[in-house]
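See structure below.
Both counts, for ligands and for their atoms, begin at 1 and track the order of listing.
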Amino acid sequence: MPWAASVLTLYPEMFPGPLGISLAGRALGDGLWSLEARNIRDFATDKHRSVDDTPAGGGAGMVLRPDVLAAAIDSVADAKDPRRPILAMTPRGKPLTQPRVRELASGEGVVLLCGRFEGFDERIFEARPVEPVSIGDYVVSGGEVAAMVVLDACVRLLPGVMGAASSGEEESFNEGLLEYPQYTRPVTWEGRTIPEVLRSGDHARIAAWRHERALEDTRLWRPDLIERHRGGSQAPPSGARHEDESEIK
Ligand code: ADE
């Protein structure tokens with residue numbers, strides 16, 4: 001059985017969307033993973049097929065009903081299988097990380113619950129093994145875009161999806177640092193030249209330079225990661241990097 005994604009959404013027509021092209025799309029076509037989108041509205045029981053209602057206690061927006069959500073979840077046959085966890089996309093969730101993505105990709109698939117409006121009735125998190133997941137500290141207009149982020153991050157790690165085996169290994173977050181910067185031809189562009197070390201052919205120097213730059217950029221853009229990085233007792237963030245202070249010029 002290929003890695004299986006089920007998406008529960010009010011907008012199934014949004015899928016596969018961007019997941020149908022490029023790397024994920026090719027993998028989908030090759031049968032390396034499967035994707036089904038189910039319409040939550042199909043699980044409504046009243047004559048108006050209503051999926052949401054006003055928030056208890058008052059306030060703006062609408063809340064997705066727990067009975068409808070539960071029926072949608074229960075329709076996914078193996079929803080209780082811990083090897084295919086159920087994630088609810090919500091900015092109130094636990095932030096997604098690359099280690100969690102690796103875990104998800106090494107399982108049998110995922111069930112993704114997409115919210116709109118003000119969110120999910122909280123009781124769904126008690127009544128079903130649903131894990132709230134956020135893609136970051138900002139709000140997008142619905143869980144569908146967030147679900148696509150989760151799926152894309154997982155699918156690219158599935159065996160056979162990324163051609164060159166090494167491209168997944170050296171990249172951002174592997175050592176808990178941002179990736180080092182990259183350059184390609186032309187060697188000189190608008191008066192800016194590729195750092196000499198990268199053209200030296202000296203692999204040890206290149207590796208050292210890349211590690212230094214990874215640390216430097218992480219200090220600059222993600223000081224929070226430095227604290228977590230092993231050997232993280234490095235110098236504190238040096239502030240904005242100036243173009244002319246680097247040895248690479
Ligand atoms: N829905 C709206 N914003 C979201 C976010 N940041 N993460 C996951 N789902 C969302």
Side-chain angles (χ1 to χ4, degrees), residues 3-20 24 33 35-44 50-73 75-76 79 82 84-105 107 109-158 172-173 178 221-225 228:
W3 196 85
S6 296
V7 181
L8 305 174
T9 166
L10 290 166
Y11 298 96
E13 65 275 20
M14 283 193 189
F15 292 86
L19 299 172
W33 68 295
L35 174 65
E36 61 158 1
R38 296 192 186 195
N39 195 335
I40 293 171
R41 198 170 297 280
D42 291 345
F43 302 92
S50 54
V51 294
D52 56 356
D53 211 327
T54 54
M62 298 290 272
V63 178
L64 288 168
R65 291 167 52 138
D67 53 343
V68 178
L69 291 172
I73 290 169
S75 78
V76 184
R84 203 161 88 102
I86 309 165
L87 315 184
M89 308 317 304
T90 165
R92 295 184 63 232
K94 184 171 175 182
L96 187 69
T97 61
Q98 193 65 19
R100 182 66 180 129
V101 168
R102 273 188 223 111
E103 263 172 32
L104 294 171
V110 287
V111 177
L112 301 180
L113 195 52
C114 302
R116 288 254 148 190
F117 326 115
E118 291 307 297
F120 308 100
D121 184 300
E122 186 67 16
R123 292 169 291 180
I124 197 65
F125 298 102
E126 298 156 15
R128 296 293 183 279
V130 178
E131 177 191 335
V133 169
S134 167
I135 58 162
D137 289 339
Y138 46 82
V139 179
V140 295
S141 58
E144 289 77 11
V145 169
M148 288 175 195
V149 169
V150 174
L151 292 177
D152 184 279
C154 290
V155 165
R156 60 189 286 284
L157 299 184
L158 299 178
S172 297
F173 300 115
L178 300 185
W221 301 118
R222 294 294 306 276
D224 57 309
L225 293 181
R228 277 182 259 155

- Task: Please determine if R100 and E103 form a salt bridge, counting it only when a charged side-chain N lies under 4.0 Å from a carboxylate O.
- Result: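 Salt bridge present between R100 and E103.
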- Query: Does a salt bridge link D152 with R156, judged by any charged N lying under 4.0 Å from a carboxylate O?
  - Reply: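 Judged by the 4.0 Å cut-off on N to carboxylate O distance, D152 and R156 do not form a salt bridge.
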- Could you name the protein residues that come within less than 4.0 Å of ligand 1, counting only heavy atoms, and order them by chain and residue number?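 Residues M89, T90, P91, V133, S134, I135, G136, Y138, V139, V140, A146 each place a heavy atom under 4.0 Å from ligand 1, listed by chain and number.
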- Query: Is there side-chain contact between N39 and L10, with heavy atoms separated by less than 4.5 Å?
  - Reply: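 With C-beta onward as the side chain, the pair touches.
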- Any chance CG of D224 has more than 12 other-residue heavy atoms, nucleotides or ligands included, within less than 6.0 Å?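 Result for CG/D224: enclosed.
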- Between E144 and Y11, which heavy-atom pair has the shortest distance, and what is it?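 What the structure gives for the nearest pair is OE2-CD1, 3.9 Å.
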- Item | P132 versus T90, closest heavy-atom pair with distance |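 Result for this residue pair: CB-CG2, 3.7 Å.
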